[in-house]
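Numbers restart at 1 for each chain; the letters A, B, ... are given by sequence-line order, proteins then strands.
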Amino acid sequence: MIKITFPDGNIKEFDPGITGMEIAKSIHHGLAKRSLSAKVNGEVYDLTRPIKTDASIEFLSWEEKEGKSTFWHSSAHLMAEAIESLYPGTKFGIGPPVDQGFYYDIDPGDHQISADDLPKIEKKMMELARQKNAYHRKEISKKDAIAYFSDKGDQYKLELLEELEDGHITFYEQGGFTDLCRGPHIPNTELIKAIKLTNVSGAYWRGDEHNTQMTRVYGITFPKQKELEEWEVMMEEAQKRDHRKLGKELEIFTFDDDVGPGLPLWLPNGAFIIEKLEEFAKKTEEEAGYDRVRTPHIAKENLYITSGHLPYYKESMFPPMELDGTTYYLKAMNCPHHHKIFDALPRSYKDLPIRLAEYGTCYRYEKSGELFGLMRVRSLQMNDAHIYCTKDQFENEFKRVNELYLKYFKTFEIEKYVMRFSTHDPEKLGKKYVDNPTLWAETEEMVRNVLIETGVPYVEVPDEAAFYGPKIDIQVWSAIGREFTLATNQVDFAQPLSFDLTYTTTENDRAHPIVIHRAPLSTHERFIGFLLEHYAGKFPLWLCPKQYAILPIADRHISFAESIKTKLANRNLRGTIDDRVESIGKKIRDTELKKIPYMIILGDKEVESGQVAARKQGEGDQGSMSIEEFGNLLQTKVDNLE
RNA sequence: GCCAAUGUAGCUCAGCUGGUAGAGCAGCUGAUUUGUAAUCAGCUGGUCGGGGGUUCGAGUCCCUCCAUUGGCUCCA
């Protein structure tokens, strides 16, 4: 007998070779029905896989992330089966589950698979699912595995097999489809009740752009039709929050063909919000000891040769221009200019740390396929600063930068984030990274220490550092689940050396400072894009271009409206008067759609009582109050950055 | 840059197998002076992304370029 330990600590005995399914059934038929896979001694098992030794067990259902993964992984196999039966001769790459469903990379040979084929594949999948085919796990020798895929002529699977060790190879089979796969899988295809294939795209084999491009088919499946419907509603909701849509509706920004791709034009509302943000950042950073500087948008080639950007970063810069026999570049970053400012004066250890900030406009030649609304653009303004400090000051400075992030995140109610600590790959020294192994080791160690000390949760990602040093990026999720990098905090030991930046030490020697590049609010473009989705276009009051709208019911109420506006303007509250001859219903609707946070409705009653009828966007009537009270209400929120 | 899809009025979209553009909203004009999410009527507005081709005839078919979108790759 073997001992099986349950999550609640209970232990039961079973015959060796019992399966998860049988154990679940022995407890409760509901559990057996609900479970998709099981975690056995920490490893996710098929419910049909025999358990041979003492083990802990935890059943995984649709409610668990790993249960979903199992479900979607099996769905990928089902899709492959459908594709193979519809388009015989298709070769298969990899087909994993992802956050929202699954995909399979396929090589359909002569037959092109397009979006038009998806309904056909979906239908076939449904048909196959209803056949209630079990997923069979089979351990197989490497030799037999190679024979199978050689026979099939699937070079992709053969390539994957090459890297696998004999004795650790498993096949999964359901219906007429066999795949090389680690598993695990759900017991049976009939669990898959709702299927939606979402799109097809190209994907390089093994993620390398030098390899052939395969066709990637994305899909998502559910154990209940209703869940698919809910998911579809959720996707529609997400679309409404898309910053590109909101940016247009709220007149924040626009693009124009004649201006160029990735070059946003900020409309007055957008410009207003940016300037409010800047005002806030300047104040916050002044308090944190930063000095602001200003630098030009272009510089001579030599600056970027010195900085090392030309060898490492040239393809992301706009092409050079020739002026009077000299080559100039548009700046893609502010740091080289700032280094020259550091270098403009003799510096002593007594001056350090020096923190130079600039909301500098940069231009980056992002590849055309990478542009994405405001999130990836070619002209951008960074919330940038460079800190020059001694090695001793480094940890403290780095910590202070992290604290600044957290402060900003709190202000903008960003609760979900992850710090990614990017380190270098020693094999790529001199190619992707500045060739200075000692300093890489030293600085990575320092950053790691700060992270451990401050107790901030982080993940370490190898081979993603900047060319000049390790960095921390902060990953956030917009309200619609879009993930991207906002803040960045980078260590740079290389540029101070290449620019020969020095300060005088206590011993009257010369030493190179360490530089920290940081941009907590990322770029204006990305940050506004993020905020649009984060707040669904309902910006906090302090950022709103218009905080309130006064809606007079008839012409005769306009003069009262103006006197109120003046009073509120005296308290630095911003608003408009809708003096159109329109019904009050229409005025309210228009103001609601513009997402102006507060409305004041003015009619005879208000003129008589001297009070205002307040209405809140998205919430409705707030009742009557004095102008004073209304002003206080808004003022308090603005003061608290709400 | 690569694979695929899309591109019709300021916005959202319709336009069947080719027969020379249509709606709602917005805008303008007029009437309406209105109590918590759309008052009514009339009008204006498009070289159908650009260029080329096939055809008696192209928004519709073909080629090409541009842009956008979904991915891949990339991302200081």
Undergrad: Among the candidates B/G1, B/G70, B/U39, find the nucleotide nearest to the side-chain atoms of A/E582.
TA: B/U39

Undergrad: Reckon A/R216 touches a base, only the sugar-phosphate, or nothing at all at heavy-atom distances under 4.0 Å?
TA: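 Sugar-phosphate only.
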
Undergrad: Do the rings of A/F630 and A/Y598 sit parallel, tilted or perpendicular, given the 30° and 60° boundaries?
TA: perpendicular

Undergrad: How do A/G369 and A/D257 order along RNA chain B: which one's closest nucleotide is nearer the 5' end?
TA: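 It is A/G369 whose nearest nucleotide is closer to the 5' end.
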
Undergrad: Distance between the C1' atoms of B/U39 and B/G50, in whole angstroms?
TA: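 It comes out at 43 Å once rounded to the nearest Å.
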
Undergrad: Need to verify one output field. Residue with the more 5' nearest nucleotide on RNA chain B, A/G620 or A/L371?
TA: A/G620

Undergrad: Roughly how far apart, to the nearest Å, are B/A31 and B/G49 at atom P?
TA: 40 Å

Undergrad: Using purine N1 to pyrimidine N3 plus N6-O4 or O6-N4 for Watson-Crick, or N1-O2 and O6-N3 for G-U wobble, both under 3.5 Å, which nucleotide pairs with B/U54?
TA: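 Per the H-bond distance test, none.
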
Undergrad: Determine the Euclidean distance between corresponding C1' atoms of B/A67 and B/U8; express it in Å to zero decimal places.
TA: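 About 16 Å, rounded to a whole number of Å.
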
Undergrad: Would you mind classifying the nucleic acid contact of A/N199 as base, sugar-phosphate or nothing, using non-hydrogen atoms under 4.0 angstrom?
TA: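 It contacts sugar-phosphate atoms only.
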
Undergrad: Please determine whether any donor N or O and acceptor N or O are separated by less than 3.5 Å between the side chain of A/Y204 and the base of B/G1.
TA: yes

Undergrad: Measuring only the C1' atom in each nucleotide, how far is B/A26 from B/G46? A whole number of Å is fine.
TA: 16 Å

Undergrad: Both distances below 3.5 Å, Watson-Crick or wobble geometry, any strand: find the nucleotide opposite B/G24.
TA: B/C11

Undergrad: Give the nucleotide from the list B/U33, B/C3, B/U12 with an atom nearest to the side chain of A/R556.
TA: B/U33

Undergrad: Can you tell me how far C1' in B/A23 sits from the matching atom in B/C63, rounded to whole Å?
TA: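 It comes out at 33 Å once rounded to the nearest Å.
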
Undergrad: Less than 6.0 Å separating the ring centroids of A/H309 and A/Y329?
TA: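 No; A/Y329 has its ring centre 6.0 Å or more from that of A/H309.
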
Undergrad: Taking atom C1' in both B/U64 and B/G70, what distance in whole Å separates the two?
TA: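 Per the computed distance, 23 Å lies between those C1' atoms.
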
Undergrad: When all nucleic acid strands are considered with a 4.0 Å heavy-atom cut-off, which category describes A/G260: base, sugar-phosphate, or nothing?
TA: nothing

Undergrad: Looking across every strand, which nucleic acid part, if any, lies under 4.0 Å from A/Y103 by heavy atom: base, sugar-phosphate, or nothing?
TA: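 The residue A/Y103 makes no contact with any strand.
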
Undergrad: Checking base pairs now: Watson-Crick or wobble, both atom distances under 3.5 Å. What partners B/G30?
TA: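 By the stated definition (distances under 3.5 Å), B/C40 pairs with B/G30.
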
Undergrad: Does OP1 or OP2 of B/U36 have a side-chain N or O of A/R589 closer than 4.0 Å?
TA: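 No, outside the criterion.
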
Undergrad: Mind checking if A/L551 touches a base, just sugar-phosphate, or nothing, with heavy atoms under 4.0 Å?
TA: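 The residue A/L551 makes no contact with any strand.
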
Undergrad: How is A/A613 classified with respect to the nucleic acid when contacts are heavy atoms under 4.0 Å: base, sugar-phosphate, or nothing?
TA: base

Undergrad: Hey, is A/R216 close enough to A/D105 for a salt bridge, meaning N to O under 4.0 Å?
TA: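 Judged by the 4.0 Å cut-off on N to carboxylate O distance, A/R216 and A/D105 do form a salt bridge.
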
Undergrad: Applying the Watson-Crick and G-U wobble criteria at under 3.5 Å, what pairs with B/A67? Answer none if nothing qualifies.
TA: B/U6

Undergrad: Of the nucleotides B/U68, B/C2, B/U39, which one has an atom closest to the side chain of A/Q213?
TA: B/C2

Undergrad: Tell me if the side-chain of A/R364 makes a donor-acceptor pair with the base of B/C74, cut-off 3.5 Å, by modelled atom types.
TA: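 Looking at the base of B/C74, it does not pair with any donor or acceptor on the side chain of A/R364 (distance under 3.5 Å).
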
Undergrad: So, under a plain 3.5 Å distance rule, would you say the side chain of A/E209 forms a donor-acceptor pair with the base of B/C2?
TA: no

Undergrad: Checking A/R364 against A/F318: charged group under 6.0 Å from the ring centre and within 45 degrees of the axis?
TA: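 Judged by the rule, A/R364 and A/F318 form no cation-pi pair.
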
Undergrad: Considering every strand and a 4.0 Å limit on heavy-atom distances, what is the contact class for A/F255: base, sugar-phosphate, or nothing?
TA: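 Counting heavy atoms under 4.0 Å across all strands, no contact is made by A/F255.
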
Undergrad: Would you indicate what A/E606 reaches in the nucleic acid, counting non-hydrogen atoms under 4.0 angstrom: base, sugar-phosphate, or nothing?
TA: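 Here A/E606 touches the bases of the nucleic acid.
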
Undergrad: Using atom C1' of each nucleotide, how far apart are B/C25 and B/U68 to the nearest Å?
TA: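 That atom pair is separated by 23 Å.
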
Undergrad: In whole Å, I'd like the distance from the CZ atom of A/R378 to the C1' atom of B/C66.
TA: 12 Å

